[in-house]
Protein chains: 4
Amino acid sequence: MSDAEDTIQRSAAQTQRRILDAAREEFSSHGYGSARMDRIATAARASKPMIYTYFGGKDDLYKAALQEAYARIREGERALETEHMDPEDAIRELVHFTMNHFVTNPWFISLLNTENLRGGVTIREIDRLSEVQSPLIQKIREILERGTGSGVFRQEIDPTELYVFIASLCYFPVSNRHTLRVGFDLSIDEPWLKAHADEAGEMVVRYLRVV
Amino acid sequence: MSDAEDTIQRSAAQTQRRILDAAREEFSSHGYGSARMDRIATAARASKPMIYTYFGGKDDLYKAALQEAYARIREGERALETEHMDPEDAIRELVHFTMNHFVTNPWFISLLNTENLRGGVTIREIDRLSEVQSPLIQKIREILERGTGSGVFRQEIDPTELYVFIASLCYFPVSNRHTLRVGFDLSIDEPWLKAHADEAGEMVVRYLRVV
Amino acid sequence: MSDAEDTIQRSAAQTQRRILDAAREEFSSHGYGSARMDRIATAARASKPMIYTYFGGKDDLYKAALQEAYARIREGERALETEHMDPEDAIRELVHFTMNHFVTNPWFISLLNTENLRGGVTIREIDRLSEVQSPLIQKIREILERGTGSGVFRQEIDPTELYVFIASLCYFPVSNRHTLRVGFDLSIDEPWLKAHADEAGEMVVRYLRVV
Amino acid sequence: MSDAEDTIQRSAAQTQRRILDAAREEFSSHGYGSARMDRIATAARASKPMIYTYFGGKDDLYKAALQEAYARIREGERALETEHMDPEDAIRELVHFTMNHFVTNPWFISLLNTENLRGGVTIREIDRLSEVQSPLIQKIREILERGTGSGVFRQEIDPTELYVFIASLCYFPVSNRHTLRVGFDLSIDEPWLKAHADEAGEMVVRYLRVV
DNA sequence: TATGAATGAGTCTTCATTCAT
DNA sequence: TATGAATGAAGACTCATTCAT
């Protein structure tokens, strides 16, 4: 490959990256129906035909953005290290990590909401499921095994279900921040969420403990 | 009021009701941006101008639908009776009730997702907050008081925060049913949700219990 | 005719009058295309079906309003009395009267503009021309005859053409008040128009004088 | 600039020109409220989105058309040359020129009528007043100065007011051609207008002459 | 690779008009 | 006579998408 070709390819890859970033931002900010191809093009400093050349139509772009969003999130989840912690601390850490992950990447929650609003039609099409599966399940399994092994945790807890609980506790207050503010007079900011995660950790730990 | 006037007024009220029902359905099925005034009119068996006469534009109709959705949900919540139950059972009942309420009225979750996606701009405009405030908070306060009084529950639990936990545990698996199916290979149906609510109730009760 | 019938008929006539007044006001304020049947109904304190019952559609109502506008204006013109004045004073009086008539009834100018914009399609349909013909022509003819008779005015002046001159001088500054303000930095208010009419009278008189 | 860019840019400019021409024609033929964006697009051989891309909405297009109409008219007025004529002839020439200008560009009168019907809201927004100001005022001032200098014209005549008189005499018979036909049985065609301009010139000259 | 120009097919909204009582 | 309820047809405007270079 010549240097010139290489430069072109790199530039092309950069353009694609900017488009994908802009698309993630746009779809998460506005949902699918209110997202605008125009705004994506502008934000990506690309022309609209470029989007169509690289990604196809709006649907395809949304799909690409969703898939890449999952990949990013899963990638972030791999950073969590709990192997060295005692099981209870590991659970608390997991809860904090999850809460922090949602707070730090709010576009992910918005994309999930958008996709669920659409009935999950797009995620179902994404075949490369490996990038969709959460590595957290494996970590939870490991923690639970150590906990039951040392006798502090109850048996028969399913890792996936436990993850659903933890995700629930962290997802809802972030996702529903705006409606909670009005309906419950809650001002959900980072300190509030931090304290909330503390309590959520406590709740999960108590749930797991043997009597 | 004469019979004729009565009939006419009832007819107008019926049309408005059909429009509101159709709007709730449409906005919750598609989100704001993908909702179609055309479909709402058709579903309501009304002409488009009627919508504009009765409700104003799309924004106003969305606002009316959102407000009425809250009113409906809050009305349903008043049906919960826990005063006669022992505190732990009352908490478990509350969790089951909440889960069931979300499952039975899936449009509410979709509307909340939609509104949060929009940054809560509309709910903030709805002034009649009385219909937005949940009566469940009061019920929770009463249960907690009885529980702490009889020594089974810990002190210093905030009713609103507790409600956020319960809502979190019930909301997430319903709201994210589609993405959970793919990401975690979960088939979230009513039996699953029922069992999940059982466990969630257990979790909350353990969280509240004195040691 | 019974008293009851009489009352009904009177009330009907009043409604028609209010509609016609409202229509004149609406069409002159907004032109044909921007006029709204709704606003006319509201202003007339009548229901829209009443308008259609009494006048037919928008076109017919416009026609009725135009015809009645002419009748009103012509009626007003009959108030001018110049028979007892000396010819020059009579001409000056005629100019002032015309200017004042336009200023006092601005809707007439607007309706004429609207109708000319439409190519005169409606006025051509109005058959009862008697109410369209201006009685001023006759008065001008009389003044001119007296003026030529006494030797102060030139011969061979056509009354109709003279009226066009006088109308021109009075119509334009009233009709084009807004564009003149911007294009020529003129603030056209009543004092200005009064002074302008003085000069216009002078101009016409000089035009008529023998050498 | 490359040839390709040149061609593209010229094409965009041409489209804009066609739209502007079509808009002037449409707004002057129908007034604002009855003008149709559809017809403008068709007449301009452009698609509707192009209009919105290049000019914004109907209001903005109207504004652009009005502004350009003034520019065109003022441009045409610059063609008048009276410096070399004796003052009386210059005045007669000015009247003929004005009449001819109105007859040749009937859309201008229609646009002025439309704008005055709207209360001048748009012209007031057009800031580039330089293109709105008539160069004729300057020419009139010059003629008057020469006339008073040579003793044939009276002093104390204001150029702007004189222009209003001349414009009045020429504007009205053209603008109100259709209503005059019916109300006064006048058939206003070019010969009539030519003769009328002759007389109007006579009238103005007599008005200016020293007794 | 890249983009300025262009558009078909909607999408919201309005308006003159009519129905039913 | 009178009107609250209703609508077909059209209006302005938008948006995903493609053309032409």
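Labels below follow one simple rule: chain letters A, B, ... track the order of the sequence lines, proteins then strands, and each chain is numbered from 1.
For the pair D/Lys58 and B/Thr53, nearest-nucleotide mapping onto DNA chain F gives the more 5' position to B/Thr53. In terms of position along DNA chain F, the nucleotide closest to C/Ser47 lies nearer the 5' end than the nucleotide closest to the other residue of the pair D/Gly57 and C/Ser47. Each of A/Pro49 and D/Met50 has a nearest nucleotide on DNA chain E; the 5'-most of these lies closest to A/Pro49.
Between the CZ atom of B/Phe55 and the P atom of E/dT14 there is a distance of 16 Å, rounded to whole Å. To the nearest angstrom, C1' of E/dT11 lies 10 Å from CZ of A/Arg36. Rounded to whole angstrom, the span from the CE atom of C/Met37 across to the P atom of E/dC15 amounts to 13 Å. Spacing between atom CD1 of A/Ile40 and atom P of F/dT17 amounts to 11 Å, rounded to whole angstrom units. B/Asp38 has its CG atom 13 Å from the C1' atom of F/dT7, to the nearest Å. Remark: C1' of E/dA16 and CZ of C/Phe27 are 11 Å apart, rounded to the nearest angstrom. F/dC13 atom C1' lies 12 Å from atom CG of D/Asp60, rounded to whole Å. Here E/dC15 presents its P atom at 14 Å from CD1 of C/Ile51, a figure rounded to the nearest Å.
At the phosphate of E/dT21, neither OP1 nor OP2 sits under 4.0 Å from any side-chain N or O atom of B/Ser11. Contact annotation: C/Tyr52 side-chain N/O to E/dT17 OP1/OP2 distance is under 4.0 Å.
Residue-to-nucleotide contacts include no donor-acceptor pair under 3.5 Å from the side chain of D/Lys48 to the base of F/dT14.
In this structure, CG on C/Asp59 lies 7.5 Å from CD on C/Glu125, to the nearest 0.5 angstrom. Distance CE/C/Met37 to NZ/C/Lys58: 7.5 Å, rounded to 0.5 Å.
Within the 4.5 Å cutoff, side-chain heavy atoms of A/His30 are placed close to those of A/Arg39.
When both distances must be under 3.5 Å, the Watson-Crick or G-U wobble mate of F/dA20 is E/dT3.
Note on ring orientation: taking the six-membered ring where Trp is involved, the planes of C/Tyr32 and C/Phe27 are parallel (angle under 30°, cut-offs 30° and 60°).
At a threshold of 4.0 Å, the pair C/Asp21-C/Arg18 does not count as salt-bridged, since none of the basic side-chain nitrogens sits closer than that to a carboxylate oxygen.
Residue B/Ala41 is out of contact with every strand shown, counting any heavy-atom pair closer than 4.0 Å.
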